[in-house]
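Report on one structure; see the data block that follows.
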Amino acid sequence: MNILIVGSGGREHSLAWKIKQSPLVKKIYVAPGNGGTAAIGENILIDSNDIPGILKLARDKKIDLVVVGPELPLVLGLADALDRENIPCFGPSSYAAQLEGSKAFSKFLMTEAEVPTADFKVFEDFNQAQEYLKKQNYPLVVKADGLAAGKGVIVSSSLEEALEAVHDMMVKQVFGKSGEVVVIEKNLVGEEASFLAFCDGHDFILLPSSQDHKRVGDNDTGPNTGGMGAYSPAPVLPEENYQETAEMVIRPIIQHLEEMDRPFKGILYAGLMFTKDGPMVLEYNVRFGDPECQPLLMRIESDIVELMMACVEGRLAGLRISIRPESAVCVVLAADGYPKQYQKGRVISGIEDAEEDPLVKVFQAGTRLENGKILTNGGRVLGVTALGVNLKDAIDRCYAAADKVNFEDRYLRRDIGRKGLNR
Ligand code: AMP
Ligand code: GLY
């Protein structure tokens, strides 16, 4: 098979690495890819949001399966466009992708499907939102309806903060059209975890639990990022609770969309908060998380291409997934200054040394390959990922490997996985 992976982050490098292990695969293309994917397949310089460009590439290269990493091309209708030409795509239709692309859509669907989630109201009018805020208790959460690169959620501790957030979104339009509609919801308290499933429109296969670290600083301080590290499994969601949790947060959504004749195919990612009243859904994503993907893929033993094709063809029911029993940890090496200003073009050294441990893999994110050298080319640069007999062992191996990798202005969190150890 010829496979086309769409995207350019650490997630996409880990997908390329895992897909390459499948005996079904002949050639891998990545659009646009990064320094890591260049060593596995052929990078093609087409933007992942250029739907006609990706479509033409898939046609020209006789692609048998397109695997979409990020959400935006899905929201923009890449799966639908490929479907019209009978090119298999791992990733949902633009309709189903609204689960991530519109928070209002997602919340209404959760209500209809009776999924536990924070009480909410949706506003299209600034004055009405303002009047509503004046009558509420705080903290309260204000969310831009559309995609905002992870920045569209403001947990407001006071009326002033909430008013400013709503003003920024609806009047100043700091997120453009994404903030024309806002969702205002109750603040939930608890520990978070990510719970992902392969879905074929009717059936699903669960992946083990994982946990992201969104804030830039140790002990969850500083601004939000795309994710500074992740590990799996997350003890806050132990294996004995997977099935029961899935019946609350995965099955109702899959079933509801199937009943609407809008089947969900691809990865459904539930972002959960474990509150004192049980798990509640904070959000759905319609793809693998980045960096959760990296530790999850290190733990999957099964042929991922077979699983993806089964999702596309609606035949997950007969399949099982084989998961390594070890824990996996991914620590992101970022460029100092991220998520704000940072430098690019620094030379990276030590990746081979780090990978001398057979249980370590260094996935590249913001990198590019130039004259045989790997250079930094983004905020999140690498995702050093390790397996270990338990979480502590995986953390130790991961940091030992991370400390062998160097580039100027390297920054990392030192506490990835600690919450899991504390449990
Ligand atoms: P989202 O993009 O909806 O996942 O929100 C991003 C982050 O904001 C989540 O990972 C949570 O840390 C936080 N968040 C979102 N909704 C809530 C809520 N209702 N209560 C508390 N924190 C929230
Ligand atoms: N790591 C969180 C996300 O990919 O949305």
Side-chain angles (χ1 to χ4, degrees), residues 71 74 79 90-120 185 188 190-212 232-234 236-275 277-289 292-293 296 299-300 302 304 306-323:
E71 62 280 10
L74 293 167
F90 183 73
S93 67
S94 61
Y95 185 87
Q98 290 179 82
L99 267 177
E100 178 165 3
S102 164
K103 298 215 187 269
F105 175 94
S106 175
K107 295 290 288 194
F108 287 130
L109 203 76
M110 284 188 241
T111 309
E112 285 169 14
E114 297 180 32
V115 170
T117 190
D119 289 339
F120 70 102
E185 68 180 40
L188 299 176
E191 189 175 336
E192 290 181 44
S194 308
F195 198 33
L196 284 68
F198 283 93
C199 305
D200 72 357
H202 179 74
D203 288 296
F204 58 85
I205 288 182
L206 298 173
L207 280 161
S209 62
S210 58
Q211 190 177 65
D212 188 11
S232 168
V236 62
L237 176 50
E239 191 168 353
E240 58 265 30
N241 294 351
Y242 288 176
Q243 202 55 45
E244 182 193 0
T245 308
E247 297 300 332
M248 293 166 79
V249 306
I250 304 283
R251 190 182 307 280
I253 295 292
I254 298 302
Q255 211 161 36
H256 196 72
L257 285 170
E258 187 183 19
E259 281 162 12
M260 292 166 81
D261 211 13
R262 300 284 196 170
F264 186 100
K265 296 185 176 197
I267 293 287
L268 182 61
Y269 164 144
L272 303 177
M273 180 83 92
F274 290 84
T275 69
D277 303 321
M280 309 270 261
V281 175
L282 294 173
E283 63 163 347
Y284 285 106
N285 294 327
V286 298
R287 50 169 176 85
F288 278 107
E292 292 99 317
C293 187
L296 286 174
R299 296 189 64 207
I300 298 180
S302 313
I304 199 171
E306 220 168 79
L307 284 165
M308 288 172 164
M309 284 307 295
C311 289
V312 175
E313 292 170 354
R315 47 180 183 76
L316 268 187
L319 288 189
R320 279 193 63 249
I321 190 168
S322 168
I323 301 288

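Both backbone and side-chain heavy atoms feed into the values below; hydrogens, waters and symmetry mates do not. Predicted, not measured: the structure shown is a model, and the values here were computed from it.
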Mark yes or no for whether [X], through its side chain, and [Y], through its backbone, hold a donor-acceptor pair below 3.5 Å.
X    : Y    : result
T275 : G190 : no
T245 : N241 : yes
K265 : V312 : yes
S302 : S322 : yes

Taking all non-hydrogen atoms of both residues into account, name the closest pair between [X] and [Y] and its distance.
X    : Y    : answer
L196 : G289 : CD2-N, 4.0 Å
S209 : Y242 : N-OH, 3.1 Å
A246 : F195 : N-CE2, 3.8 Å
L74  : P92  : CD2-O, 3.5 Å
G314 : D200 : C-OD2, 3.3 Å
F264 : A96  : CD1-CB, 3.7 Å

Atom pair [atom1] ([X]) and [atom2] ([Y]), whose distance is rounded to the nearest 0.5 Å:
X    : Y    : atom1 : atom2 : answer
I205 : R320 : CD1   : CZ    : 9.0 Å
H256 : I254 : NE2   : CD1   : 12.0 Å
E283 : S194 : CD    : OG    : 8.0 Å
S210 : L237 : OG    : CG    : 9.0 Å
I321 : L316 : CD1   : CG    : 9.5 Å
F204 : L268 : CZ    : CG    : 9.5 Å

- Message: Ring-plane angle category for Y95 and F105, please: parallel below 30°, perpendicular beyond 60°, tilted otherwise.
- Response: perpendicular
- Note on the structure: Residue set satisfying salt bridge (Lys or Arg N to Asp or Glu O under 4.0 Å) with K107, at least two apart, ordered chain then number -> E185
- Message: Applying salt bridge (Lys or Arg N to Asp or Glu O under 4.0 Å), can you list everything that pairs with E100, at least two apart in sequence or on another chain?
- Response: R287
- Message: Run the side-chain hydrogen bond (donor to acceptor under 3.5 Å, both in side chains) test against Q211 and tell me which residues pass, sequence neighbours left out.
- Response: E191, Y231
- What residues, two or more places apart in sequence or in another chain, satisfy side-chain hydrogen bond (donor to acceptor under 3.5 Å, both in side chains) together with E247? Q243, R251
- Message: Apply side-chain contact (heavy atoms from CB on, under 4.5 Å) to residues I323 and I300 and explain how you reach the verdict.
- Response: CA-CA 5 Å; I323 301 288; I300 298 180; 4.1 Å; yes
- Pick out which of L188, L272, V115, T117 makes a side-chain contact (heavy atoms from CB on, under 4.5 Å) with M280. L188
With the side chain counted from C-beta on, respond yes when [X] and [Y] share a heavy-atom pair under 4.5 Å apart, and no when they do not.
X    : Y    : answer
E71  : N285 : no
S93  : R262 : no
I304 : F198 : yes
L109 : M260 : yes

- Message: Which residues pass the side-chain contact (heavy atoms from CB on, under 4.5 Å) test with S106, not counting sequence neighbours?
- Response: L99, M110, Y284
- State which residues pass side-chain contact (heavy atoms from CB on, under 4.5 Å) with S94; sequence neighbours excluded, sorted by chain then number. D80
- Message: Can you confirm whether E240 is buried at CD, in the sense that more than 12 heavy atoms of other residues, nucleotides or ligands lie under 6.0 Å from that atom?
- Response: yes
- In this structure, are over 12 heavy atoms from other groups packed under 6.0 Å from E259 atom CD? yes
